[in-house]
Amino acid sequence: QVQLVESGPGLVQPSETLSLTCTVSGGSILSNYYYWNWIRQPPGKDMEWLGAISYSGKTYYNPPLTSRTSISRDTSKNQFTLQLTSVTPEDTAEYFCARGSTTRGWNNPVKADFAPWGQGTQVTVSS
């Protein structure tokens with residue numbers, strides 16, 4: 001059974017870089033033909049898809065966030081990582097990693113578009 005676990009700091013200073021790692025167990029991030037996604041949900045708002053890295057290593061980003069977002073992977077550790085630069089308090093959210101088999105959910109993500117999900121990690125941007 002595939003499981004995903006997010007890790008990273010819960011508090012980030014404004015203007016700094018948010019960095020989160022998703023560790024995958026029970027399956028390989030190289031497995032055809034999955035996408036490994038980052039999604040966030042700010043308090044009181046809908047979920048927002050941030051980007052993904054495919055089984056082949058190709059990356060995809062939500063266009064408004066492309067300039068600040070980078071997703072990479074470490075296949076030796078079966079992990080993929082999100083970096084979001086120049087954060088502001090508007091980046092405060094619960095951040096999730098999730099597996100997807102299609103690009104469904106990249107525009108308006110809902111829970112059913114991805115499986116499985118990590119448990120989520122709260123990130124607060126504040127000085």
Colleague: Which heavy atom of Phe96 sits nearest to which heavy atom of Gly120, and what is that distance?
Modeller: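 Nearest pair, atom of Phe96 first, then Gly120: CD2-CA, 3.5 Å.
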Colleague: Counting neighbours of NZ on Lys77 that are heavy atoms of other residues, nucleotides or ligands and sit closer than 6.0 Å, is the number greater than 12?
Modeller: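 Result for NZ/Lys77: open.
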Colleague: Is there side-chain contact between Gln122 and Thr92, with at least one heavy-atom pair below 4.5 Å?
Modeller: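 Gln122 vs Thr92: side chains touch.
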Colleague: With heavy-atom distances below 4.5 Å as the criterion, would you say the side chains of Ile71 and Trp36 are in contact?
Modeller: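 No. Closest side-chain heavy atoms not under 4.5 Å.
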Colleague: State plainly whether one hydrophobic cluster holds both Phe114 and Phe80, where clusters connect Ile, Leu, Val, Met, Phe, Trp and Tyr through side-chain heavy atoms under 4.5 angstrom apart.
Modeller: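 No, Phe114 does not connect to Phe80 through the hydrophobic network.
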Colleague: Ignoring hydrogens, what is the shortest heavy-atom contact between Val2 and Gly26? Give both atom names and the distance.
Modeller: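 For Val2 versus Gly26, the nearest heavy atoms are CG2-O, 3.7 Å.
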Colleague: Following the transitive rule for hydrophobic clusters with a side-chain heavy-atom cut-off under 4.5 Å over Ile, Leu, Val, Met, Phe, Trp and Tyr, establish whether Tyr34 and Trp106 coincide in one cluster.
Modeller: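 No.
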Colleague: Say you draw a straight line from OG of Ser126 to CD of Gln13; how long is it, rounded to the nearest 0.5 Å?
Modeller: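 The CD atom of Gln13 is 7.5 Å from OG of Ser126, to the nearest 0.5 Å.
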Colleague: Do the non-hydrogen side-chain atoms of Gln83 and Thr17 ever get within less than 4.5 Å of each other?
Modeller: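 Yes. Closest side-chain heavy atoms under 4.5 Å.
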Colleague: For Thr23 and Gln79, test the side chains for any donor-to-acceptor distance below 3.5 angstrom and give the result as yes or no.
Modeller: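 Yes - a donor-acceptor pair under 3.5 Å links their side chains.
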Colleague: For atom CG of Asp46, decide whether the heavy atoms of other residues, nucleotides or ligands shown that lie under 6.0 angstrom number more than 12.
Modeller: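 Open.
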Colleague: Please report the interatomic distance SG(Cys97) to CD1(Ile39), rounded to the nearest 0.5 Å.
Modeller: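 Between Cys97 SG and Ile39 CD1, I get 8.5 Å after rounding to 0.5 Å.
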Colleague: For the atom pair CD (Glu94) and OG1 (Thr124), what is the distance rounded to the nearest 0.5 Å?
Modeller: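 Separation between the atoms: 10.0 Å.
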Colleague: Any idea which heavy atoms bring Pro43 and Ala93 closest together, and the distance?
Modeller: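 It is CD-CA, 4.3 Å.
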Colleague: Check whether any side-chain heavy atom of Pro14 lies under 4.5 Å from a side-chain heavy atom of Val125, and answer yes or no.
Modeller: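 Yes; the side chains approach each other to less than 4.5 Å.
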Colleague: Heavy atoms only: give me the nearest Thr102-Arg104 pair and the separation to one decimal.
Modeller: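 Scanning both residues completely, I find the closest heavy atoms to be OG1-N, 3.0 Å.
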Colleague: I'd like to know if the side chain of Arg68 reaches the main chain of Thr85, judged simply by a donor and an acceptor atom lying under 3.5 Å from each other, with no hydrogens or angles considered.
Modeller: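 Yes; judged by distance alone, with no hydrogens or angles, the pair exists.
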Colleague: Which heavy atom of Pro9 sits nearest a heavy atom of Ser19, and at what distance?
Modeller: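 Minimum heavy-atom contact is CD-O, 3.5 Å.
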Colleague: Could you tell me if the side chain of Val12 sits less than 4.5 Å from the side chain of Val123, heavy atoms only?
Modeller: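 Yes, their side chains come closer than 4.5 Å.
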Colleague: Ignoring hydrogens, what is the shortest heavy-atom contact between Val87 and Leu18? Give both atom names and the distance.
Modeller: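 The answer is CG1-CB, 3.8 Å.
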Colleague: Please tell me whether Trp38 and Met47 are part of a single hydrophobic cluster in this structure, the criterion being side-chain heavy atoms less than 4.5 Å apart.
Modeller: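 Hydrophobic grouping puts Trp38 apart from Met47.
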Colleague: Has the side chain of Glu6 got a donor or acceptor atom that lies under 3.5 Å from a matching backbone atom of Gln119?
Modeller: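 Confirmed, Glu6 side chain pairs with Gln119 backbone.
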Colleague: Are the side chains of Ser28 and Asn78 in touch, meaning some heavy atoms are under 4.5 Å apart?
Modeller: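 Yes, their side chains come closer than 4.5 Å.
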Colleague: Give the cluster check for Leu65 versus Tyr35: same hydrophobic cluster or not, with ILVMFWY residues linked at side-chain heavy-atom distances below 4.5 Å.
Modeller: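 Each belongs to a different hydrophobic cluster.
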Colleague: Is there a side-chain contact between Ser7 and Thr121, using heavy atoms and a 4.5 Å cut-off?
Modeller: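 Ser7 vs Thr121: side chains apart.
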Colleague: Could you pull out every donor-acceptor pair under 3.5 Å between side chains of residues 48-60 and any protein atom, sequence neighbours left out?
Modeller:
{"residue": "Glu48", "atom": "OE1", "partner": "Arg40", "partner atom": "NE", "Å": "2.8"}
{"residue": "Glu48", "atom": "OE1", "partner": "Arg40", "partner atom": "NH2", "Å": "3.0"}
{"residue": "Trp49", "atom": "NE1", "partner": "Asn37", "partner atom": "OD1", "Å": "2.9"}
{"residue": "Trp49", "atom": "NE1", "partner": "Gly51", "partner atom": "O", "Å": "3.4"}
{"residue": "Ser54", "atom": "OG", "partner": "Ser56", "partner atom": "N", "Å": "3.2"}
{"residue": "Ser54", "atom": "OG", "partner": "Ser56", "partner atom": "OG", "Å": "2.8"}
{"residue": "Ser54", "atom": "OG", "partner": "Gly57", "partner atom": "N", "Å": "3.4"}
{"residue": "Ser54", "atom": "OG", "partner": "Lys58", "partner atom": "N", "Å": "3.2"}

Colleague: Hey, what do you get for CG (Asn108) to CG (Asp113), rounding to the nearest 0.5 Å?
Modeller: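 Spacing of CG (Asn108) from CG (Asp113) equals 9.0 Å.
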